[in-house]
Number of protein chains: 2
Amino acid sequence: MDNSISMAVIKRLPKYHRYLKELLDRDVKRISSKELSEIIGFTASQIRQDLNNFGGFGQQGYGYNVEDLYKEIGKILGLTKTYKTVIIGAGNLGQALANYTSFGSYGFELVGIFDKNPKIVGLEINGIEVTDVDLMKKFLENNDVDIAYICTNKTGAQFVADILVQAKVKAIWNFAPVDLKVSEDIRVENVHLIDDLLTLSYFLKEQGE
Amino acid sequence: MDNSISMAVIKRLPKYHRYLKELLDRDVKRISSKELSEIIGFTASQIRQDLNNFGGFGQQGYGYNVEDLYKEIGKILGLTKTYKTVIIGAGNLGQALANYTSFGSYGFELVGIFDKNPKIVGLEINGIEVTDVDLMKKFLENNDVDIAYICTNKTGAQFVADILVQAKVKAIWNFAPVDLKVSEDIRVENVHLIDDLLTLSYFLKEQGE
DNA sequence: ACGATATTGCCAAATATTTAACAAAAATGT
DNA sequence: ACATTTTTGTTAAATATTTGGCAATATCGT
Ligand SMILES: NC(=O)c1ccc[n+]([C@@H]2O[C@H](COP(=O)([O-])OP(=O)(O)OC[C@H]3O[C@@H](n4cnc5c(N)ncnc54)[C@H](O)[C@@H]3O)[C@@H](O)[C@H]2O)c1
Ligand SMILES: NC(=O)c1ccc[n+]([C@@H]2O[C@H](COP(=O)([O-])OP(=O)(O)OC[C@H]3O[C@@H](n4cnc5c(N)ncnc54)[C@H](O)[C@@H]3O)[C@@H](O)[C@H]2O)c1
């Protein structure tokens with residue numbers, strides 16, 4: 001498949017998926033790029049351009065079939081299979097993610113939770129027992145884990161990432177405020193929450209002037 | 001001040017801030033755009049270009065003074081004052097954010113937590129008692145809140161946002177998987193976590209082909 | 001003190017992304 | 001059945017962003 005889809009396009013795909021789901025739930029059968037433009041906030045031209053990176057899903061004079069398009073974008077996003085995930089660091093954030101059920105409905109299946117704190121190891125969170133992180137390597141060898149969510153504190157993150165790399169986990173979702181060094185073939189998405197707050201304070205400061 | 005700074009630049013500022021803090025902690029006194037380039041992963045040209053949007057902070061033949069630059073970027077990001085924040089929705093995620101202390105160290109001061117669930121109202125989280133959301137409007141009138149973190153479920157988010165708009169809160173940090181409709185003068189940052197996962201699954205699917 | 005070296009700030013070129021325009025095709029209305 | 005309207009897919013133009021190049025200026029070593 002064409003590998004030259006720009007990041008800008010890829011980052012918009014989940015939003016298409018979300019809005020199409022909503023239309024589907026409201027029983028809307030078809031939608032034109034112009035109508036979609038009005039609710040999603042991208043230009044009609046951009047929508048058509050984006051979709052055409054992956055194929056001609058629409059029809060002149062008609063628009064797009066909502067259900068078909070929703071399914072197509074699901075396929076593009078890789079939602080036709082399930083992904084095994086683990087959480088490392090079962091503190092505040094790790095537990096919040098573990099208890100969140102929506103990820104499962106997209107096919108992201110939580111199969112393990114790890115921590116190094118003896119007080120946390122052994123706890124059951126959302127039906128899964130927290131395992132000592134020392135046993136993680138072995139666990140990863142026996143289970144084909146796709147995505148690891150790193151929710152340890154800053155200092156533990158790179159240490160954990162190294163184990164994940166060794167164990168050939170395919171992707172990392174990192175919540176620790178560091179940029180991890182990992183091998184090229186591992187995909188990393190960072191959630192640097194503080195960055196968002198700083199963006200807000202940037203604009204609040206601007207307003208005051 | 002020049003208002004035409006591009007979003008691309010603004011979104012990089014927190015990363016500069018983070019790396020400069022690290023250099024400062026390691027007692028590095030000065031750094032050239034070339035050296036910074038190597039650790040931060042932007043091109044040296046981009047770094048110089050970015051910084052020059054805000055002023056000439058460097059010196060030919062020398063580079064940038066780490067401490068000065070760190071402070072300048074802090075100023076640009078509005079970190080010279082503190083911001084009052086509230087959390088609405090004290091479930092899994094709301095509690096995780098409430099217990100996170102780092103935001104405070106940047107000057108984001110949590111002054112209130114609200115929920116509508118009677119079982120949660122009255123709980124004390126990180127020294128702050130959860131208040132009934134029905135009392136939030138009054139609270140906001142008496143307290144000059146800058147930023148509200150929306151951690152309610154999807155259905156409550158717009159309802160809550162409407163109250164925040166009325167109360168003239170300046171910015172919203174939204175974790176619910178919806179795009180809020182708010183007046184133009186309110187800044188919204190969305191954290192659509194599922195979008196990140198879908199980006200990962202997009203690439204995992206690509207790999208398999 | 002001074003030539004060699006380093007490095008910025010800025011401008012210009014190269015890339016990337018978004019928007020506009022429109023012919024071709026399908027749907028709709030009479 | 002056929003003219004009118006709608007709307008796509010695609011190409012081209014317009015914008016935005018990133019990268020490269022270099023004169024100006026400061027530092028460094030001797
Ligand atoms: N909680 C938030 O709202 C929030 C916001 C922004 C960023 N973060 C980041 O997310 C991460 C988690 O935050 P938190 O609030 O949940 O912290 P936390 O302290 O509550 O939890 C961290 C957990 O990681 C575990 N841990 C540490 N090192 C480990 C290791 N090497 N292996 C396994 N487990 C290890 C600890 O035992 C602890 O249980 C941190 O890096 C934090 O900076 C959190
Ligand atoms: N927990 C996660 O990891 C996670 C991940 C991605 C997205 N999110 C999103 O973040 C939000 C919170 O998630 P959560 O897991 O904490 O959910 P949760 O159900 O644990 O908590 C939601 C809280 O909001 C409160 N609430 C609902 N409507 C309200 C209203 N109108 N006013 C005041 N309070 C109200 C509820 O009483 C509850 O305590 C949700 O929108 C969720 O989709 C959460």
Side-chain angles (χ1 to χ4, degrees), chain A residues 1-16 19-20 23 28-73 76 195 199 202-203, chain B residues 1-16 19-20 23 28-73 76 195 199 202-203:
Chain A
M1 177 172 269
D2 190 351
N3 202 44
S4 67
I5 308 291
S6 85
M7 204 51 165
V9 173
I10 294 166
K11 286 289 180 182
R12 278 192 295 270
L13 293 174
K15 190 160 173 179
Y16 288 119
Y19 274 85
L20 286 165
L23 289 167
V28 178
K29 298 293 182 215
R30 68 180 218 187
I31 192 148
S32 69
S33 58
K34 184 159 174 291
E35 292 169 302
L36 187 54
S37 167
E38 276 151 21
I39 58 173
I40 207 173
F42 306 148
T43 65
S45 186
Q46 180 162 71
I47 291 168
R48 295 202 298 279
Q49 188 102 325
D50 281 352
L51 298 177
N52 273 92
N53 280 295
F54 304 99
F57 304 129
Q59 198 161 32
Q60 279 109 325
Y62 176 85
Y64 300 85
N65 177 293
V66 172
E67 188 173 356
D68 290 352
L69 189 56
Y70 173 73
K71 282 183 184 161
E72 286 295 342
I73 292 181
I76 294 163
D195 289 13
T199 304
Y202 171 87
F203 284 109
Chain B
M1 180 173 263
D2 191 350
N3 204 42
S4 66
I5 308 293
S6 85
M7 204 53 164
V9 173
I10 294 166
K11 285 289 179 181
R12 278 193 294 271
L13 293 175
K15 191 160 173 180
Y16 288 119
Y19 275 85
L20 286 165
L23 289 168
V28 178
K29 297 295 181 212
R30 68 179 219 187
I31 192 151
S32 69
S33 58
K34 184 158 176 289
E35 291 169 302
L36 187 54
S37 168
E38 277 151 20
I39 58 172
I40 207 173
F42 305 148
T43 64
S45 185
Q46 179 162 73
I47 292 168
R48 294 203 298 278
Q49 188 101 330
D50 282 353
L51 297 177
N52 274 94
N53 280 293
F54 303 99
F57 303 130
Q59 198 161 33
Q60 280 109 325
Y62 176 85
Y64 300 85
N65 177 295
V66 172
E67 188 173 358
D68 290 352
L69 189 56
Y70 172 73
K71 283 183 184 162
E72 286 295 342
I73 292 181
I76 294 163
D195 289 13
T199 304
Y202 171 87
F203 284 110

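Take the nearest nucleotide of DNA chain C for A:R48 and for B:R48: the residue whose nucleotide is more 5' is B:R48. For A:S45 and B:I31, each mapped to the nucleotide of DNA chain C holding its nearest heavy atom, the one lying further toward the 5' end belongs to B:I31.
Here D:dT18 is the nucleotide among D:dT18, C:dA20, C:dA27 with the atom lying nearest to any side-chain atom of B:R12. Residue A:A8 has its side chain nearest to C:dT17 when only C:dT8, C:dT17, D:dT8 are considered. Of the candidate nucleotides C:dA27, C:dA21, D:dT27, C:dA27 has the atom lying nearest to any side-chain atom of A:Q59. Comparing D:dT8, D:dT18, C:dT7 against the side chain of B:Q46 picks out D:dT18 as the nearest.
The 12-atom threshold is exceeded at NZ of A:K15, counting heavy atoms of other residues, nucleotides or ligands nearer than 6.0 Å.
Within 4.0 Å (heavy atoms only), A:F42 reaches no atom of the nucleic acid at all. Note on A:T43: only backbone sugar-phosphate atoms sit closer than 4.0 angstrom, heavy atoms only; bases stay farther off.
If you take NZ of B:K34 and P of D:dT19, they are 16 Å apart, rounded to a whole angstrom. Whole-Å rounding puts the A:M7 CE to D:dT17 C1' distance at 16 Å. Rounded to whole Å, the distance from CG on B:D50 to P on D:dT18 is 7 Å. The nearest whole Å value for the distance from the OH atom in B:Y62 to the C1' atom in C:dA4 is 20 Å. D:dG9 atom C1' lies 15 Å from atom CZ of A:F54, rounded to whole Å.
Between the base of C:dT17 and the side chain of A:Q49 there is no donor-acceptor pair shorter than 3.5 Å. Checked by distance alone, A:S6 brings no side-chain donor or acceptor within 3.5 Å of a matching partner on the base of C:dA16.
When atom types are taken as modelled, the side chain of A:S37 and the backbone of A:F42 share a donor-acceptor pair closer than 3.5 angstrom.
In the model, B:T43 has no side-chain atom that pairs as donor or acceptor with a side-chain atom of B:Q46 under 3.5 Å.
A cation-pi arrangement is absent between A:R30 and A:Y64 under the rule of less than 6.0 angstrom and at most 45 degrees off the ring axis.
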